[in-house]
Amino acid sequence: MITTPEQTIVDQTIIARRSIRAFLPTPVAREDIEALLNVASRAPSGSNTQPWKVYVLTGEIRQRLSQEILAVYSDPDQLSAHQEEYHYYPQQWVAPYVDRRRKIGWDLYALLGLTRDNKVGMQAQHGRNYRFFDAPVGLIFTIDRVMEQGSWLDYGMFLQSLMIAARARGLDTCPQAAFTQFHKVIARVLQIPDSEQLVCGMALGYADHEKIENTLKTEREPVSGFAKFLE
């Protein structure tokens, strides 16, 4: 198989995408965000339903949302009243998934110098999710509650398309399921109607390459580990 320059660029862009956990304050122009969303909207969806809805947060509203979530996150009495609407992770962890989850967690904490007994430090690092890791743009994604599981599969293709389009333009992202626990706060602050359900959040901006957490590179299972070729 001959690889064309176009294929090489696409491959390199996909491989270069990583979850960035520290961003520069450099603004992202609205027209650039709109261009990214326009490209991502070409993602496939069953019967062209296009189930995605996006709230783009910058400036004061992004800061306000972060502050209100962190106020709840740091208060155990309030925190206990906030639960996810859907289970992003399995209710019962098994190998190899639990092993992969533990590895990335401890690899990140090791880079940051956080030991297992430093619960305060780990909580603070997790709390950075709710500041969008200081990215200038926060994205909140919702879906109409009438849509079923197939539309959630479509949504994943939209999110991936958005992240790849961003990387191709020198921007970085971090998809964030951490926001799902605080769907009530998010709906109130952003005035999201009851007919919509929170899918996830995402940080968007320019990576701060001076931050050690951005050196984290996750491992991937080889093709032989997850694919079966049948003839």
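For reference, positions follow the sequence shown, starting with 1.
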List, one per line, each side-chain donor-acceptor pair under 3.5 Å for residues 27-41, sequence neighbours excluded.
from : atom 1 : to  : atom 2 : distance (Å)
R30  : NE     : E34 : OE2    : 2.9
S41  : OG     : N38 : O      : 2.6

Partners passing salt bridge (Lys or Arg N to Asp or Glu O under 4.0 Å) against R42 (at least two apart in sequence or in another chain): none
Qualifying salt bridge (Lys or Arg N to Asp or Glu O under 4.0 Å) pairs, either residue in residues 181-192, two or more places apart: E68-R188
Inter- and intrachain pairs under salt bridge (Lys or Arg N to Asp or Glu O under 4.0 Å), touching residues 196-208, at least two apart: none
Donor-acceptor under 3.5 Å (R18 side chain, N214 main chain): yes
H183/F179 aromatic ring centres below 6.0 Å: no
Salt bridge (Lys or Arg N to Asp or Glu O under 4.0 Å) partners of R167, counting only residues at least two apart: D172
Residues forming a salt bridge (Lys or Arg N to Asp or Glu O under 4.0 Å) with D134, sequence neighbours excluded: R128, R131
Taking only distance into account, with no hydrogens and no angle test, what donor-acceptor pairs under 3.5 Å do side-chain atoms of residues 106-117 form with protein atoms, sequence neighbours excluded?
from : atom 1 : to   : atom 2 : distance (Å)
D107 : OD2    : K103 : NZ     : 3.0
T115 : OG1    : D117 : OD1    : 2.4

Near-ring test F132/F23, centroid separation under 6.0 angstrom: no
Residues which pass side chain to side chain contact (heavy atoms under 4.5 Å, CB included) with D77, listed by chain and number, not counting sequence neighbours: D75
Pairwise salt bridge (Lys or Arg N to Asp or Glu O under 4.0 Å) hits with a residue in residues 86-101, at least two apart: R100-E221
Residues forming a salt bridge (Lys or Arg N to Asp or Glu O under 4.0 Å) with D11, sequence neighbours excluded: none
Members sharing F229's hydrophobic cluster (side chains within less than 4.5 Å): V223, F226
Inter- and intrachain pairs under salt bridge (Lys or Arg N to Asp or Glu O under 4.0 Å), touching residues 135-147, at least two apart: K53-D144, E85-R145
